[in-house]
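Here's the structure we're looking at; comments come further down.
Within every chain, numbering begins at 1; the chains are lettered A, B, ... in the order of the sequence lines, protein sequences first and strands thereafter.
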Amino acid sequence: MAPSNQPLIVVDNLCKSFEQGEVLNHISISIREGDLVSIIGPSGCGKSTFLRCLNCLEILDSGTISIAGVTVTRKSPKDPITDDLLEKAHLLRQEVGLVFQIFNLFPHKSVLENVILAPMVVKKESREQAEDNAVRLLKKVGLEDCIHRDPSTLSGGQKQRAAIARALAMNPKVMLYDEPTSALDPELVKEVLQVMRDLDAEGMTQIIVTHEMRFARKASDYIVFMDKGEIVEVDDGDILFTNPKNERTREFLRHFEGDAL
Amino acid sequence: MKRSLAILGFAVLLALSFVLPALAAQQELRWGGDTEGGAPYMFQDPKDTSRIIGYEVEIIEAIAKHLGRKPVFVQNGWDNLIPGLQRKLYDVAIDGLEITPEHKQEVNFSIPYYATFLQLAVRRDNKSIESLEDCRGKVVGTLKQAYSHQVLEEFGGIEIRLYEDEINAYSDLVNGRLDATLFDAPIAVFYAGFNPEIKFVGPEIGRMEYGIAVRKEDKELLKGINGAIVALRDSGELRKIYDRWNLWSPMMAKEFNDYRPRQADAVMFNEWAELQKPEFTFRDRMKRYAGFMPVLGRAALTTMKVSIVAMLLAMAFGFVLAVSRVFGPKPLSKLAVAYIETIRGTPVLIQLFFIFYGLPNIGIKLSPFVAGAVGLGLNYAAYEAENYRAGLISVPKAQMEGALALAMTRWQALRHVVIPQAFRLVLPPLTNDFISLLKDSSLVSVITMVDLTKAYGQLATTYYDYFGTGIIVAGIYLLLGLPFVRLARWAEGRLAKVGNMTRVEEETTEDLIASKDGIL
């Protein structure tokens, strides 16, 4: 956890709808550099969509997202998605790493090739340069023994750590995690969470959508509680879990009383 | 020594410089015919299958010689001889082409060089059929698109069966599928005359005249050919050719006003007759089949070349179509769909005809090989596009998202992540299609190419042997396809691993989606 200074991420009045209805309703939030933020909330509250919008995998309907100096903005869902907007989205993605619940590793490539692909293709790094960097990152996430293996031979926890190394290889300023431990067996969750703790110690800005309440409470700088497409409450973990201000937060946390917290 | 060599070299060069222009100066007379037409018209020499012989071959060569031109043979299917002439594949067409009003609308004909009639044939034990009259209500076989077909139709009340060739018609007559056959007399004599189970009945039927077809605009050439026919008739040269092939008849005597006795021994006819003798040892047969190999080898090469080029084209263009359809902007995607549906919904035979005989009308003239490869390639592209599409959409969407999240562009994601995975899935059906294309390539025979199937027809008519030749040709097709079958097996084995993994991840995705009740 680094000392806070300028906000690295500024989201202003972000809205997003799908055919089924509104998913994000005027979301605004600032996140400082080096923060580790957990987003919690009931299923369907819009937390994953929020993450996908931050990475521009979903193009926002309206509002502004500004990350590390790249700004993507749209006035209304009626505005066409211009080439300029897509170009900005592409620039923004280079600053933002995204880790998925089901890893999305490329099955036709080895672990090492998974990690070096994007740096070579997108950043035109030489193979040596990309491999040096990849080996360093794979060591960091504890996969030095798996460098040349096929993803299919890895455990779930190893897969997720490889996916994190792959995202880090693009040298992003922000890391986003969409329920990174939900597809893992309980005994493998720890090793993935440890990687995030290590990155936090190095000062990486991270946003995690999670159901791991204990991790959210202990590791995060603060927690965002979302419900029905809105940010309901933002607070320090201890305060939010013991003395939530909002009735909806209280209602949600009731499911986790006892064991999880 | 060196000096004398130099002088010799110079002398040779000098000599060549005189001879070569003289050779080049001799104009060609390109003539089209179908060697599958068989004896006595034109067919592969049973003693040397690289040579074509037949009385029509001798006639056109005599005419070319008379005109001072070098005869060059161009193979084309009999049905397509006239379209091929109009498309300028050759200068003239000759192959027992009957001078009919329909034909005359399309092209000009020389004066007749031969006149003949139709011959009715029945099984030896048949007592009930003695004329066309008796054929009413009976089944009669004949050649499609021929004068005999027209005669049978105009006569009425006869059940007509149409054949591509005479051999199968006569064998159907022997085994009882037909009650009678009606063929041009030369065909009847050469193909049924030696069969002890067949007899000829009734009088001469009709009259047909064979002429040499020339394009309407080539008036000078037509005049020259007519002059040559008259000259060769008057010199007795034509008569000698007919005698050698045993084709002289009272009708011809009247036609040429030539009542002299035989002018030449029937050597060619006797050679053919020798071949028809039943005593033919297994060893002779094997020796004959060994002699087929150069012809079949060349034909197999043609089949292989056309198939491989067509497949490469199909794979490349099919890829463009599939990517356009799945990932392209709407208008492009719709265009791809329209192409695929049109091509898949029309017969490839018609597409080939259209490309080879139709496109020259708007100035696009392709060589037979290019037309064949392009025609089959464009056709198969539609099928490959659908193969690729199936491959592309079977790669989980999460793979595309994973690549996009790493800041790859859509194209980079396709190129490095989606397509390599799709290709592995697509390889087995692709191999399957190649083997199917190998067999469909037999259609190129309609655009003058001699592929394996065409060579089969030619050899079978030459030797009257569809059975043994058929087994050999089927064996060659099998051999050509086999390496690709093995390749498919190998690819399937290799792909099993990757395929399984993709499936597991997909299930995971589905499970997760199912477990989430909300919109996320």
Point to revise | Listed once per pair and sorted, the side-chain hydrogen bond (donor to acceptor under 3.5 Å, both in side chains) pairs that draw on residues 322-339 of chain B, sequence neighbours left out | key: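 Qualifying pairs: Arg325(B)-Glu386(B).
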
Review point. Take atom NZ in Lys123(A); do more than 12 heavy atoms of anything else shown fall under 6.0 Å from it?
Key: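 Enclosed: over 12 neighbouring heavy atoms sit under 6.0 Å from NZ of Lys123(A).
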
Review point. Within a radius of less than 6.0 Å around CZ of Arg486(B), do more than 12 heavy atoms belonging to other residues, nucleotides or ligands occur?
Key: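 12 or below, so no.
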
Counting only non-hydrogen atoms closer than 4.5 Å, does [X] touch chain B with its backbone (N, CA, C, O), its side chain (CB onward), both, or neither?
X: Val99(A); result: neither
X: Arg52(A); result: side chain
X: Lys109(A); result: side chain

Check your understanding: Between Pro172(A), Ala167(A), Ala118(A), Ala163(A), which residue shows the highest count of heavy-atom pairs closer than 4.5 Å to chain B?
Key ->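 Option with the greatest count: Ala118(A).
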
For the [atom1] atom of [X] and the [atom2] atom of [Y], what is their distance to the nearest 0.5 Å?
X: His416(B); Y: His108(A); atom1: NE2; atom2: NE2; result: 9.5 Å
X: Asn104(A); Y: Met400(B); atom1: CG; atom2: CE; result: 12.5 Å
X: His90(A); Y: Met408(B); atom1: NE2; atom2: CE; result: 9.5 Å

Practice item. Would you name the heavy atoms of Gln421(B) and Pro107(A) that are closest together and state the gap between them? Key: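 For Gln421(B) versus Pro107(A), the nearest heavy atoms are OE1-CG, 3.2 Å.
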
Practice item. For Asp79(A), enumerate each residue passing the side-chain hydrogen bond (donor to acceptor under 3.5 Å, both in side chains) test, keeping only those at least two apart in sequence or located in another chain. Key: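 Partners of Asp79(A) by the side-chain hydrogen bond (donor to acceptor under 3.5 Å, both in side chains) criterion come out as none, since no residue qualifies.
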
Exercise for review: Side chain from CB out, backbone as N, CA, C, O: work out which of these in Ala403(B) comes under 4.5 Å of a heavy atom of chain A, or both, or neither.
Suggested key: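 For Ala403(B), backbone and side chain are both near chain A.
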
Taking the side chain as every heavy atom from C-beta outward, state whether [X] and [Y] have any pair of such atoms under 4.5 Å apart.
X: Leu98(A); Y: Glu401(B); result: no
X: Val121(A); Y: Leu406(B); result: no
X: Leu57(A); Y: Leu404(B); result: yes

